[in-house]
*Asks:* 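Here's a structure for you.
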Amino acid sequence: MKKLAILCALALSLSGCSAAPSKKTYSIGVAVYDGSDTFISSICDTLSSEAEKDGIHVSITDAGRSQLNENDQVNDLIDDGADILCINLVDRSATSTIINAAMDKNIPVIFFNREPVQSDLTRWEKLYYVGADAEESGRLQGQIAANWLATHPEADRNQDGIIQYYILEGEPGHQDTIIRSETAVSTLDEAGISLEKAGYAICDWQRDEAYDKTSQLIKDGTYIELLLCNNDEMAAGAVQAYDDAGISMDMRPAIAGIDGTKEGISLVNSGKIIGTVYNNYKDQAEKIYQLADALMNNKSLQDLNLQDGHSYYSSYQKITPDNVSSFLGQ
Ligand code: BGC
């Protein structure tokens, strides 16, 4: 990896650095919790292509959901010459090893998507966070569901005036899991919808787990009118389970997702889910790169819209049948 970084740097200097004459060449080390996560891959792909345009080298490691692996991989990235680290933690409460290693070598760290607690983020002035506001995503998902229920009285299939809902949740401990679930439900409640919780299942953001869980719910005959999913991957797993069980649309719960992945958008478009909430991966990836670039080139961070000078929260947007056409082809 070190050789690769040196080769990249050499290639740039041999070409007369024509790509970015006034900029310093540096190397970005990215560590992700799970390289197969659809949303995280979108961020990494955009970040890499943005950096590539400037001839900046990006190395990406995949922790396979183990914090111990990630700690080792971050040490390797540092040994291989990373000048800045972009970290998608496995366990957002386990920052100390990585922060200590970075502080030791004076390497700035941009955490992304999995938010460290504030007391960790304020340990050193070269720590940053790029993500999105979990509460906003839960609120928008709740609004999508409330609006759907208000305009589709048939969604209350047993006509008892109460909506039986079930939640497919991401990993426990992830800020987006806890806050999205709570806020979606409180938003529905505030909109005056009578609710009854039919249950919840932890599906770790994963489609396969959601597929298995939903298939089990169908087998058990669990009665559900609204299925809130913490992300689109899990919504897609649930849709697949209903499809495979041959259950017609009028006998399924209304399903809502979050992320606005390609597949999520296409499920809204085909009417299989009632909506999703766009988690702007492009904006987040671009912000990570702009921040890295500013830090590496000693530029001002003034224009980056950072909260408290250290954190950036991208805005979410609702995607429903009304506006889905403007998201197709994203
Ligand atoms: C996304 C999920 C993703 C998770 C990974 C969340 O913000 O909505 O799709 O799996 O981050 O940390």
Side-chain angles (χ1 to χ4, degrees), residues 30-47 60-67 69-70 86-95 110-117 129-142 144 167-184 201-211 228-239 255-265 267-268 273 275-285 287-288 311-319 327 330:
V30 182
V32 302
Y33 91 106
D34 179 352
S36 69
D37 182 294
T38 305
F39 179 72
I40 298 300
S41 308
S42 308
I43 291 192
C44 288
D45 291 349
T46 308
L47 172 60
I60 302 178
T61 61
D62 174 0
R65 299 193 177 224
S66 153
Q67 188 60 59
N69 277 351
E70 189 167 63
C86 301
I87 308 290
N88 175 231
L89 290 160
V90 176
D91 175 353
R92 71 191 188 99
S93 65
T95 53
I110 304 171
F111 292 101
F112 65 99
N113 168 261
R114 299 160 79 98
E115 188 169 9
V117 292
Y129 176 69
V130 172
D133 177 11
E135 202 175 310
E136 186 184 21
S137 56
R139 188 170 60 249
L140 297 185
Q141 189 187 51
I144 290 170
I167 311 187
L168 296 184
E169 300 204 327
E171 295 159 284
H174 191 303
Q175 80 278 348
D176 289 339
T177 299
I178 308 161
I179 301 173
R180 282 178 184 169
S181 300
E182 278 176 8
T183 318
I202 302 283
C203 296
D204 298 317
W205 305 117
Q206 292 184 310
R207 165 195 297 252
D208 291 355
E209 287 189 36
Y211 177 85
L228 298 169
C229 304
N230 280 171
N231 78 349
D232 283 354
E233 278 294 297
M234 296 188 292
V239 167
I255 302 176
I258 292 181
D259 273 345
T261 59
K262 262 202 172 71
E263 189 173 10
I265 292 168
L267 288 172
V268 177
I273 66 174
T276 183
V277 181
Y278 189 54
N279 192 357
N280 196 333
Y281 70 89
K282 277 189 201 152
D283 181 47
Q284 291 165 59
K287 190 61 69 169
I288 294 170
S311 299
Y312 175 77
Y313 298 96
S314 184
S315 294
Y316 284 99
Q317 267 172 283
K318 285 187 245 187
I319 306 180
F327 286 88
Q330 287 247 1

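The basis for the numbers below is simple: all heavy atoms, side chains too, and nothing from hydrogens, waters or symmetry mates. As the structure lists them, so they are numbered: ligands from 1, and atoms in each ligand from 1.
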*Asks:* Is there a donor in the side chain of E233 and an acceptor in the side chain of W205, or the other way round, less than 3.5 Å apart?
*Replies:* no
*Asks:* Hydrogens and angles aside, do Y312 and D283 bring a side-chain donor and acceptor to less than 3.5 Å of each other?
*Replies:* yes
*Asks:* With backbone taken as N, CA, C and O and side chain as the heavy atoms from C-beta onward, which portion of R114 lies under 4.0 Å from ligand 1: side chain, backbone, both, or neither?
*Replies:* side chain
*Asks:* Closest heavy-atom contact between I60 and C44?
*Replies:* CD1-CB, 3.9 Å
*Asks:* Does E233 reach ligand 1, in the sense of a heavy atom lying below 4.0 Å from it?
*Replies:* no
*Asks:* Between D232 and ligand 1, which part of the residue brings a heavy atom under 4.0 Å of the ligand: side chain, backbone, both or neither?
*Replies:* neither
*Asks:* Taking N or O atoms only and a 3.5 Å limit, does E171 qualify as a polar contact for ligand 1?
*Replies:* no
*Asks:* State, yes or no, whether a side-chain contact exists between P172 and D204 at a heavy-atom distance under 4.5 Å.
*Replies:* yes
*Asks:* Q141 versus R180: any side-chain heavy-atom pair under 4.5 Å?
*Replies:* no
*Asks:* Can you tell me if S315 and N280 form a side-chain donor-acceptor pair at under 3.5 Å?
*Replies:* no
*Asks:* Taking distance alone, with no angle check, do N88 and ligand 1 share an N/O pair under 3.5 Å?
*Replies:* no
*Asks:* If you measure from each heavy atom of M234 to ligand 1, is any distance below 4.0 Å?
*Replies:* no
*Asks:* Is any side-chain heavy atom of S181 closer than 4.5 Å to one of N230?
*Replies:* yes
*Asks:* Could you tell me whether the side chains of Y313 and E135 share a donor-acceptor contact shorter than 3.5 Å?
*Replies:* no
*Asks:* Tell me: protein heavy atom nearest atom 10 (O) of ligand 1, and distance?
*Replies:* D37 OD2, 2.5 Å
*Asks:* Checking contacts here: is it the side chain or the backbone of H174 that comes within 4.0 Å of ligand 1, counting heavy atoms only? Could be both or neither.
*Replies:* side chain
*Asks:* Among all protein heavy atoms, pick out the one at the shortest distance from atom 5 (C) of ligand 1; state its residue, atom name and that distance to 0.1 Å.
*Replies:* N113 OD1, 3.4 Å
*Asks:* Is there a heavy atom of D176 sitting under 4.0 angstrom from any atom of ligand 1?
*Replies:* yes
*Asks:* Which atoms of ligand 1 have any heavy atom of F39 under 4.0 Å away?
*Replies:* 1 (C), 9 (O)
*Asks:* Measure the distance from atom 8 (O) of ligand 1 to every protein heavy atom, then report the residue, atom name and distance (to 0.1 Å) of the closest one.
*Replies:* D259 OD1, 2.7 Å
*Asks:* Quick check: closest heavy atoms across L89 and P116, and the distance to 0.1 Å?
*Replies:* CD1-CG, 4.1 Å
*Asks:* Tell me whether R180 has any N or O atom under 3.5 angstrom from an N or O of ligand 1.
*Replies:* yes
